[in-house]
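Here is the structure we will look at.
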Protein chains: 2
Amino acid sequence: MSQTIKYLLPEDRIPRHWYNIQADLPRPAPPVLHPGTLQPIGPADLAPLFPMALIMQEVSTEREIEIPEPVREIYRVWRPSPLIRARRLEQVLGTPAKIFYKYEGVSPAGSHKPNTAIAQAFYNKEEGIKRLSTETGAGQWGSSLAFAGALFGLDVTVFQVRVSYDQKPYRRALMETYGARCLPSPSPETAYGRSVLETHPDHPGSLGIAISEAVEIAATRDDTKYALGSVLNHVLLHQSIIGIEAMEQMEMAGTWPDVVIGCTGGGSNFAGLAFPFIGHGLRGGPKPRMLAVEPSACPSLTRGKYAYDFGDTGHLTPLTKMHTLGSTFTPPGFHAGGLRYHGMAPLVSHLAELGLIDAVAYEQSECFAAGVLFARAEGIIPAPEANHAVKAAVEEALRCKREGKAETILFNLSGHGHFDMQAYADYSAGKLLDLQYDEKELAMALSGLPSVPAPG
Amino acid sequence: MSQTIKYLLPEDRIPRHWYNIQADLPRPAPPVLHPGTLQPIGPADLAPLFPMALIMQEVSTEREIEIPEPVREIYRVWRPSPLIRARRLEQVLGTPAKIFYKYEGVSPAGSHKPNTAIAQAFYNKEEGIKRLSTETGAGQWGSSLAFAGALFGLDVTVFQVRVSYDQKPYRRALMETYGARCLPSPSPETAYGRSVLETHPDHPGSLGIAISEAVEIAATRDDTKYALGSVLNHVLLHQSIIGIEAMEQMEMAGTWPDVVIGCTGGGSNFAGLAFPFIGHGLRGGPKPRMLAVEPSACPSLTRGKYAYDFGDTGHLTPLTKMHTLGSTFTPPGFHAGGLRYHGMAPLVSHLAELGLIDAVAYEQSECFAAGVLFARAEGIIPAPEANHAVKAAVEEALRCKREGKAETILFNLSGHGHFDMQAYADYSAGKLLDLQYDEKELAMALSGLPSVPAPG
């Protein structure tokens, strides 16, 4: 007798609402501050960057926010995404645990990022915006927004970190195939980019610099808004569709997770899976352990400071309270480019402070080892970012084996690795090193955090 | 009100049988001949290359052949694959036609190839085989068999055409991540490879040479069998799962195709979608037009000769009657590597001779133009091979527009293009040329076809 391994929802079970964890927080997250006045910002302060609908979502405390029909219409191409039981991985590990993964690599861009890209493009289009600017590192976010822009007829300009622009031409080709314009950052296109190039003509770029450039473009052009692929509340809100679907699918599977796992860079794929479960627990349901997994080389949750900081290097953004390594911190060039960010989503940070989320950090080589094990057992090649979640799931399954516990483990396989095969080639060739950040640089970056008086 | 666009079947609707068109043929296909005796070969002749279960499928005339449960178990990871209505593409084209596509890019290898790779690995494993050898061009088949080998614990050796081995390291990395051994062909590993290297040390390789090498390894080693990714009857049989699912999904959609489209290299993805519909028509059901789409630079169905020929360059295979450009024909190096084969599946060729299949050829640049149009409308980047099917679907939709007909068009989107972004980058840069084969070379290859007396 065969056993079900894949839990699919029909198209009409695509959720009709996103879940907003701000409705269920024991206490609200600290406010976002204006960097000049250090006072909480209002919607008007964000209006140059975002359409009003997204700004209202950013501060909303409504539990359920309706997903517009045109967004659901496009979600249908790949959603509901499958929940799959990793039976062969369980067998390889010899664990009594049940391992489930929610697979977001089925989207056209190959990751969870389109969940929010489509929503952001929709709201911008609704408010008459013609152009979107954004930044991208390895390119997962940039290609997702390019995809969304193509479907809604918006021009998309992507500032891609120069080292990725030069070394990863295929993600760029993907963005350009969708019709987006892709610029290496730092670029002569912006005042901030020019200022960087003036002193460092060969600067390899960083996510923090690229954000500054994209924000500058949006702030200075009437027909252009900015789109961010993680970190912000409205991004995490849109990603909640992952967890809402997963809850229904876990019910179909007749079990409930004891531990929920996601990798964390800016925090959105983790939050997308975890927040609906956390909210369910806060409202009286079972409380699975929540495990955020980050790279040892960029460990904002496990080594960063919970403090107000800028989101970008050019200090054009508001100040948000988050776990941060400091906005001047430059993580080493490991392969999981989507996790190379100095800060953590304010809501994820807040929940970690509240003790509702655990965090752990792993080196990239052990994550790739877990990814290869997973690929050979389950067939799907995970993205380097997702390998962090795979690694943690494997560790949890081995713990269950040692302890003789048949726990249920759920993790987010946030994307496939088809664009990241150079990393796997390096791993196979023994050339994938565990990169360390510079402790002095971290200390310096942390000491340079903006000074914000405690609220009184 | 939203309209359904994606037709999903639940996991328990994965077909339990493959469909064998040999049961419904008005007359049987010509027999496979031994190249020495020119007499029909028997199962024993194929035993060095294939496990007996596959040989029996090769010659079976049973209509339904049961899919083994362990194969269905693995199919579950990505099957049933979605049938999607391309509503935005319809709108962009302004056509009254309904366009549907069956999307096979959801498999872990990103194409339809695992449908047969999993089945072939299973039957080999069942008969105690330890190793599989195969060839690959761009790498879609090699990576699919590597994936299948990993899941069944079989060692897989892939002879990859040298020019692809050198130029496309990412597909190789994928194969190696699954644990396969990948060799550039021609290689010193085989007598045939050494003979080629002796006279041409820098030979770029070809699919025909790589097949010869893989066949030689299997024929000379007891624990090793050969696996082919297209052309053969049993491969087309396994791919029929595509069409069987699509028929059920078209019923869900409340319509039936007027035209069914697939790209053709060896013929398996086209046959996989088309044969169940053709068989249904032969048994009294509606008879959609069947359209095979091939590259102008390798036009076996539209420019080849229907004749007995070898499947490989080294002439180690039996003789099959098929549309062929001659086994010595070398197609120019266009991007749809999966369509660069001199011959066409004997069953597809036979059905074309019976007038049950139409064929058309397109240049690669017009196929990429259609692929980019599709990507910007539907979000999915097609593989270069699949762009041929997209092009034909677009042409059919435009014909419907001219004729004011609301026909239903169904095509097979056989894979995604995430491994083929260099081709899209070339296209965007205006560097994608329409390559022509050498007419003299074609004439010479056709004049060198083996002489086989007509059956008397």
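Only this structure's heavy atoms are used, side chains among them; waters, hydrogens and symmetry mates stay out. Below, read A as the first sequence line, B as the second, and so on, with proteins coming before strands; counting in each chain starts at 1. Source: prediction; values computed, not measured.
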**Request:** Find the distance between CE (Met175(B)) and OG (Ser428(A)) and round it off to the nearest 0.5 Å.
**Result:** 12.0 Å
**Item:** Heavy-atom contact with chain A under 4.5 Å, split by part of His418(B)
**Value:** both
**Request:** Counting only heavy atoms closer than 4.5 Å, note whether Leu174(B) contacts chain A via side chain, backbone, both or neither.
**Result:** both
**Prompt:** Are any non-hydrogen side-chain atoms of Leu8(A) and Glu11(B) less than 4.5 angstrom apart?
**Reply:** no
**Item:** Interface residues of residues 370-381 of chain B facing chain A - heavy atom cut-off under 4.5 Å
**Value:** Val372(B), Ala375(B), Arg376(B), Ala377(B), Glu378(B), Gly379(B), Ile380(B), Ile381(B)
**Request:** Look up atom CZ in Arg171(A) and atom CE in Met421(B), then write down how far apart they are to the nearest 0.5 Å.
**Result:** 9.5 Å
**Prompt:** Pick from Val77(A), Asp426(A), Val106(A): which one has the most heavy-atom pairs with chain B under 4.5 Å?
**Reply:** Val77(A)
**Request:** Under 4.5 Å heavy-atom distance to chain A, tell me which part of Phe419(B) shows up: side chain, backbone, both or neither.
**Result:** side chain
**Prompt:** Going from NE2 on His416(A) to NE2 on His416(B), what distance comes out if it is rounded to the nearest 0.5 angstrom?
**Reply:** 4.5 Å
**Asked** side-chain contact (heavy atoms from CB on, under 4.5 Å) between Lys6(B) and Ile14(A): does it pass, once the steps are laid out?
**Response** CA-CA 12 Å; Lys6(B) 188 174 61 184; Ile14(A) 292 177; 5.5 Å; no
**Asked** Pick from Tyr178(A), Tyr103(A), Phe368(A), Tyr424(A): which one has the most heavy-atom pairs with chain B under 4.5 Å?
**Response** Tyr178(A)
